[in-house]
Chemist: 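So that we are looking at the same thing, I have put the structure below in structure tokens.
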Amino acid sequence: MLKYDSFKKEILKTIGSYMPEKYKSLALKEVKIDKINQTVEGFCFADENKEMTASAVIYFKDMYSKYLSTGDIKAVLMEAAKTITYYDSKVGSTCTPTAILSADIVKNNTVMLLINAEMNRELLNQVPNVPFLDLAIVFRCITEKANNHFYGAIITKALAEALDLSTEDLYTYAKENTKRILPMRFEPLSQTMEGLIPKGIPEPKDSDKAILYILSNDVITEGASYIVYKEVLNAIRKSLNSDFFIIPSSINEVMILKTGINGKTYLKKVLKLINGIYIDQSDILSNNIYLYNGSLNII
């Protein structure tokens, strides 16, 4: 099996032979892209005389994971070539962002996403954002939602400027769209635990199951943004008849725990295991625990 660096070199050396003829005139470029909580390496084909790449960006990390699991580098190369040509057939060669995402599409389909501010300093320099606690609200335009998944792109400053949309505009649209496109999901942990909590985390006692809740969206993906809505937090307080802790377990969801009751033993076990072992780097939200004060309606 090839080491990662040797694998990258082999991919860059041979991917061109797997591509259709029209890609022969394009430059193969190695790129680094700031994504949530990490910078990832990849490659794309580009026309150096045009504004945008002529292909999807393919990430070495994803390719290498598939290679390690199969040992078949040819199959990995074929899949990458297929992905690039499929993308090209869908969005067109060397298209610009505004050719894909018009102002109306962005206005009607952009939602909020909460990310860690400190871990994403480089990314936040490139995208419109709104500070929130130790986090930041950024904006994703949803292009497709099906089968409990959605697809889309984070709005960059360049795209927002091209569409003449301010950060305030995006925030206003996203606050409305998030509730419509990705409806809220709030329920006891026991109802989602099997699908959400990895194996190895100890089962809570029955009394704990009744007091630990999940707040997210309907697909439990990038749903932690619901803590931005004061009306949601106030409604939860009325439902629980108590102030509560907000545990930012990931960008996908937060956990809600009533104050003044026994449940901390299980909570500490869950947090230790999730933060230290199970949670993926790209899903980390915060190491801080927040308290919602219902009297003041603030976190």
Side-chain angles (χ1 to χ4, degrees), residues 33-36 50-57 83 86-117 120 123-133 135-186 214-236 250-254 282-283 285:
I33 296 178
D34 291 314
K35 297 177 74 70
I36 298 172
K50 298 288 183 70
E51 178 184 353
M52 287 293 291
T53 64
S55 76
V57 175
T83 298
Y86 174 80
Y87 172 88
D88 188 42
S89 70
K90 288 294 183 180
V91 303
S93 180
T94 59
C95 57
T96 64
T98 51
I100 305 171
L101 300 174
S102 67
D104 284 341
I105 290 176
V106 171
K107 289 177 182 179
N108 293 319
N109 295 281
T110 293
V111 299
M112 295 189 296
L113 166 61
L114 268 183
I115 62 176
N116 184 281
N120 293 280
L123 177 62
L124 293 177
N125 287 332
Q126 305 168 39
V127 302
N129 65 88
V130 176
F132 183 81
L133 304 173
L135 313 172
I137 303 167
V138 298
F139 308 100
R140 184 184 297 282
C141 184
I142 304 298
T143 56
E144 180 181 355
K145 183 185 180 187
N147 301 319
N148 290 325
H149 291 85
F150 62 81
Y151 307 91
I154 291 180
I155 302 297
T156 64
K157 289 181 178 179
L159 177 58
E161 183 177 350
L163 298 177
D164 195 25
L165 293 172
S166 67
T167 299
E168 292 74 17
D169 292 332
L170 291 169
Y171 182 58
T172 299
Y173 296 132
K175 283 196 74 175
E176 291 300 318
N177 295 336
T178 301
K179 293 184 288 185
R180 172 176 54 85
I181 299 172
L182 300 169
M184 184 185 76
R185 180 172 180 173
F186 177 69
I214 291 292
L215 174 62
S216 185
N217 55 36
D218 59 333
V219 294
I220 315 185
T221 302
E222 298 182 357
S225 57
Y226 266 96
I227 66 172
V228 172
Y229 296 99
K230 288 188 175 183
E231 65 271 24
V232 167
L233 301 181
N234 189 46
I236 291 174
S250 81
I251 65 172
N252 298 315
E253 81 291 315
V254 299
S282 61
D283 289 337
L285 183 56

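We number each residue from 1, following the sequence as shown. Only this structure's heavy atoms are used, side chains among them; waters, hydrogens and symmetry mates stay out.
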Chemist: If you count heavy atoms of other groups shown closer than 6.0 angstrom to CG of Asp164, is the number above 12?
Modeler: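 No.
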Chemist: Taking all non-hydrogen atoms of both residues into account, name the closest pair between Leu123 and Ile115 and its distance.
Modeler: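 For Leu123 and Ile115, the tightest heavy-atom pair comes out as CD2-CD1, 4.1 Å.
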Chemist: Where do Ile227 and Phe132 come nearest, in terms of heavy atoms and distance?
Modeler: O-CZ, 3.7 Å
Chemist: Supply the atom-to-atom distance Lys175 NZ to Tyr229 OH, rounded to the nearest 0.5 angstrom.
Modeler: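 So the NZ of Lys175 and the OH of Tyr229 are separated by 6.5 Å.
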Chemist: Please report the C-alpha distance between Val111 and Glu222 in whole Å, then the side-chain angles of each, then the deciding distance to 0.1 Å, and finally whether the side-chain contact (heavy atoms from CB on, under 4.5 Å) criterion is met.
Modeler: CA-CA 10 Å; Val111 299; Glu222 298 182 357; 5.8 Å; no
Chemist: Could you tell me whether the side chain of Lys107 and the main chain of Tyr173 form a donor-acceptor pair under 3.5 Å?
Modeler: no
Chemist: Should Ile214 and Arg185 be marked as a side-chain contact (heavy atoms from CB on, under 4.5 Å) after you check the CA-CA gap, both sets of side-chain angles, and the distance that decides it?
Modeler: CA-CA 8 Å; Ile214 291 292; Arg185 180 172 180 173; 5.9 Å; no
Chemist: Can Phe139 and Val127 be said to form a side-chain contact (heavy atoms from CB on, under 4.5 Å), step by step?
Modeler: CA-CA 8 Å; Phe139 308 100; Val127 302; over 6 Å; no
Chemist: Taking atom CD1 of Ile251 and atom CG of Leu135, what is their separation to the nearest 0.5 Å?
Modeler: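 Rounded to the nearest 0.5 Å, the CD1-CG separation comes out at 11.5 Å.
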Chemist: Which atoms form the tightest heavy-atom contact between Met112 and Thr178, and what is the distance?
Modeler: N-OG1, 3.0 Å
Chemist: Supply the atom-to-atom distance Lys179 NZ to Asn217 CG, rounded to the nearest 0.5 angstrom.
Modeler: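 It is 14.0 Å, given to the nearest 0.5 Å.
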Chemist: Of all the heavy-atom pairs spanning Lys157 and Pro128, show the shortest one and how long it is.
Modeler: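 Looking at all heavy atoms of both residues, the closest pair is N-CD, 3.5 Å.
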Chemist: Where does the angle between the aromatic ring planes of Tyr151 and His149 fall among parallel (under 30°), tilted (30 to 60°) and perpendicular (over 60°)?
Modeler: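 Ring orientation of Tyr151 relative to His149: parallel.
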Chemist: Side-chain contact, heavy-atom cut-off 4.5 Å: Arg140 with Ile154?
Modeler: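 Yes, close enough: below the 4.5 Å cut-off.
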Chemist: Apply side-chain contact (heavy atoms from CB on, under 4.5 Å) to residues Thr110 and Leu165 and explain how you reach the verdict.
Modeler: CA-CA 12 Å; Thr110 293; Leu165 293 172; over 6 Å; no
Chemist: On a heavy-atom basis, which atom in Leu124 and which in Asn129 lie closest, and how many Å separate them?
Modeler: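 Closest pair (atom of Leu124, atom of Asn129, distance): O-ND2, 3.2 Å.
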Chemist: Where the side chain of Tyr171 meets the backbone of Val130, is there a donor-acceptor pair that is under 3.5 Å apart?
Modeler: no
Chemist: Can you tell me how far the CG atom of Asn109 sits from the CZ atom of Arg180, to the nearest 0.5 Å?
Modeler: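 Rounded to the nearest 0.5 Å, the CG-CZ separation comes to 6.5 Å.
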Chemist: Ignoring hydrogens and geometry beyond distance, is a side-chain donor-acceptor pair present between Ser166 and Asp169 at under 3.5 Å?
Modeler: yes
Chemist: With rounding to the nearest 0.5 angstrom, report the CD1 to CG distance, Ile142 to Leu182.
Modeler: 5.5 Å
Chemist: If I take atom CG from residue Asn252 and atom CG from residue Leu113, how far apart are they, to the nearest 0.5 angstrom?
Modeler: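 These two atoms lie 9.0 Å from each other.
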Chemist: I want to check something: taking the side chain as every heavy atom from C-beta on, are Ile155 and Leu163 in contact at a cut-off of under 4.5 Å?
Modeler: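 No, too far: nothing below the 4.5 Å cut-off.
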Chemist: State, to 0.1 Å, how close Thr156 and Leu159 come at their nearest heavy-atom pair, and which atoms those are.
Modeler: OG1-N, 3.1 Å
